[in-house]
Amino acid sequence: MSARVSNPETILSVRDLEKTYPNGVRALKGVSFDVKRGEFLVIIGLSGSGKSTMLRCLNRLHDPTGGRILFKGRDVTGIEGQGVLELRSRIGMIFQHFNLIPRHTVIGNVLSGALSRTSTLKSVLGLWSREDREKAMRYLRLVGIGDKAYYRAAQLSGGQQQRVAIARALTQSPDVLLADEPVASLDPATCHTVMDYLKKVNQELGLTIICNLHFLSLVRQYATRVIALKGGEVVYEGDPNSIDDAWFQRIYGEGAKEVHIN
Amino acid sequence: MTQTSIGPAVRRTIFDAFVFAYVAFALYALATNPTEEMLLDLERNAALAGSLALVGAAASLAFNKSGCRTLGEVLFAPAHKRQAAGEPKAWFKTFWGQQAVVTTLVTLVAGLIVTEFSLVALLDRERISQASKLLGQLFNPGWAILPTVVLHMVQTVYMAFVATAIAVPIAFALSFLSAKNIMRSSAAGLATYTILRVIFNVSRSIEPIIWAIIFALWVGFGPFAGMLALMIQSIASLAKQYSEYVEGVDEGPIEGIRSTGATMLQTVWFAIVPQVTLPYISYTIYRWDTNVRMATIIGFVGGGGIGKLLIEYQLQGAWPEVGCILLVVAFVVWVMDAFSAYVREAIK
Ligand SMILES: Nc1ncnc2c1ncn2[C@@H]1O[C@H](COP(=O)(O)OP(=O)(O)OP(=O)(O)O)[C@@H](O)[C@H]1O
Ligand SMILES: [Mg+2]
């Protein structure tokens, strides 16, 4: 385990990361980048460029096939079993389709963020600790839907469900929050609400965020730094406001035009 | 590419060969009216059927080559060939249509002979009056034995209930081990999945009445044997159905729960169980309902309960008593059926 971290502020280091799926698709071809504590890092790129694969390698929902990932200075590439579960508990994640349990209550969904520190028996019996209950309720209020705690998740609108998902991730007390196209299935107005909550979480709780996005206008508004993937490789890394038309064409291909949502 | 074009052609030829050999053989048998001894002469018949099949295969190839589509071609042709079948013709004018009609007619005629269909027996005045007397007795039930009947019926319903109740937790646990989406991640898992699936399919295909015979010899005649027979069948059938529900769950919640660092068991409990609970309950009630009906039949071969009572009175020719039993069975089955349908509708 080589724990060489050049910058103490670096929370995640990705080095030459490779992912080849069992069917032979090379989704990541040697991706390297660093993530600093407190950043709002946005990953952009065409559909199929490997953004989702990238995020899922970071919390080991997928196993990388090459390269290394350092999390808080520790090499987590080779860990297995319990180690993977601990890693996941340190990294929250939200998804395009929210991935809640529709039949469970909102508060029940948020409490599942505490699964990793609750024994299997206790969690099955619903015996959550008092701190976890309070924490879940606190985060539910933070995302503005404390009054919906006892609704079924399925009864909420898409934007509200995504806020439940954020509260669930926060209940993990994670160091990093991954967001895989968190607003792609929401209407433009709701989309800003959800992005604003992510920004709030980033600024008020100091949580590091790595977020896949499709719309460049959102990227400019929320990202502190951008990485662009193309065909499984990093083609751009830097300030969101320096992405001009030339860069845009390189990332999205010749003839691509930017669309705006307000 | 070659595989997709050869596979259907082989299947087509085998099918046509079989149909031709079957029709020709049946016609031959109809024409010559063979004795039982001739029908049992395996060597001669196999040779005959074999050569007829060869002729059929050759005919199938020849017809299809000349553009005349056979039944086998229609059934097994790959999708891209079906569209290129040319201008539509009324089905009874096509070769394959006539082939289907001839095969069905021959089967019908042969079937009437094999099942010893006889209008003479059906319309015999003497026998009709005997049967109607029996029916009359059946519909004039002997209510005197009603308390005994109810007691046995209760036993049957309990047999079905206990069999279902024991089967449910076992099938519940097994259903996750035999769901492909859970087990495919490792080689050991895939092996478990395959073995369990084979066991389920084999034990499901053995009728409960056979299980009842086996268990009656094992634990003695009576309701216990019948309950065990129903239980075995229920485990296999519930586990198979449950695991299909597990295979059909939405992957999203699984990913969501896994991302929190949950263990395998927590993921199953939080992401999968909520998705399958309602279909599980619904199918389980249906299974209990089925078990009540099966428990009656199982009684015939030593499984106890109402079936045992029924067979006893039937052997004595005590038709009014049999009538009483049949009415009680019909009533309970009807109530169970309505109840199960209602509950399944209500929780949907
Ligand atoms: N489970 C999988 N098995 C095999 N190939 C996969 C799998 N998941 C993704 N891929 C492939 O890997 C490549 C990258 O996919 P990925 O989902 O990471 O892209 P993405 O950038 O997230 O795209 P999108 O914007 O459409 O979500 C694609 O070619 C995709 O087909
Ligand atoms: Mg994606």
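Every chain is numbered from 1 and lettered A, B, ... according to where its sequence line falls, protein lines coming before strand lines.
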Trainee: Does B:F18 have more than 12 heavy atoms from other residues, nucleotides or ligands lying within 6.0 Å of its CZ?
Mentor: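 No, the 6.0 Å shell around CZ holds no more than 12 heavy atoms from other groups.
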
Trainee: Identify which of A:H97, A:R117, A:H104 forms the greatest number of heavy-atom pairs closer than 4.5 Å to chain B.
Mentor: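 Sorted descending by pairs with chain B, the first entry is A:H104.
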
Trainee: Quick check on the interface: out of A:G113, A:S112, A:A169, who has the most heavy-atom pairs with chain B under 4.5 Å?
Mentor: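 Result: the option with the highest number of such pairs is A:S112.
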
Trainee: So which heavy atom on B:G261 is nearest to which on A:S116, and how close?
Mentor: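 Taking B:G261 first and A:S116 second, the nearest heavy atoms are O-CB, 3.7 Å.
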
Trainee: Looking only at heavy atoms, what is the nearest atom pair of A:R88 and B:R258, with distance?
Mentor: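 Result for this residue pair: CD-O, 3.1 Å.
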
Trainee: I need the minimum non-hydrogen distance between B:F270 and A:S123, along with the two atoms involved.
Mentor: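 Looking at all heavy atoms of both residues, the closest pair is CZ-O, 3.3 Å.
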
Trainee: Supply the atom-to-atom distance B:L265 CG to A:L121 CG, rounded to the nearest 0.5 angstrom.
Mentor: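 Spacing of CG (B:L265) from CG (A:L121) equals 10.5 Å.
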
Trainee: Return the minimal non-hydrogen interatomic distance between A:L85 and B:A262, and the atom names on each side.
Mentor: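 Looking at all heavy atoms of both residues, the shortest contact is CD2-O, 3.5 Å.
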
Trainee: Is there a side-chain contact between B:T277 and A:R103 in this structure, where contact means two heavy atoms from C-beta onward sitting under 4.5 Å apart?
Mentor: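 No; the side chains remain at least 4.5 Å from each other.
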
Trainee: Can you establish whether the number of heavy atoms outside A:K200 located under 6.0 Å from its atom NZ is more than 12?
Mentor: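 Yes, NZ of A:K200 has more than 12 neighbouring heavy atoms, counting only those of other groups under 6.0 Å.
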
Trainee: Using heavy-atom distances under 4.5 Å, tell me whether A:L100 contacts chain B through its side chain, its backbone, both, or neither.
Mentor: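 It is the backbone, since no side chain atom gets that close.
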
Trainee: If you define the side chain from C-beta out and look only at heavy atoms, does anything of B:I257 sit under 4.5 Å from A:R168?
Mentor: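 In contact.
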
Trainee: Would you mind checking which part of A:R56 comes under 4.5 Å of any heavy atom in chain B, side chain (CB onward), backbone (N, CA, C, O), both or neither?
Mentor: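 Side chain of A:R56 only, per the 4.5 Å heavy-atom cut-off to chain B.
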
Trainee: Is A:Y21 atom OH crowded by more than 12 heavy atoms from other residues, nucleotides or ligands, each under 6.0 Å away?
Mentor: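 Yes, enclosed.
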
Trainee: What option among A:N109, A:I91, A:T120, A:N99 has the most heavy-atom pairs under 4.5 Å with chain B?
Mentor: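 Greatest number of close heavy-atom pairs with chain B: A:N99.
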
Trainee: Between A:L178 and chain B, which part of the residue has a heavy atom less than 4.5 Å away: side chain, backbone, both or neither?
Mentor: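 The answer is neither part of A:L178.
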
Trainee: So, the side chain of B:Q266 versus the backbone of A:T118: is there a donor-acceptor pair under 3.5 Å, distance only?
Mentor: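 Yes.
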
Trainee: So does B:F172 have more than 12 non-hydrogen atoms from other groups sitting under 6.0 Å from CZ?
Mentor: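 Buried by this count: over 12 neighbours within 6.0 Å.
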
Trainee: Determine the option with the most heavy-atom pairs under 4.5 angstrom with chain B, choosing from A:T171, A:V124, A:I94, A:N59.
Mentor: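 Greatest number of close heavy-atom pairs with chain B: A:V124.
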
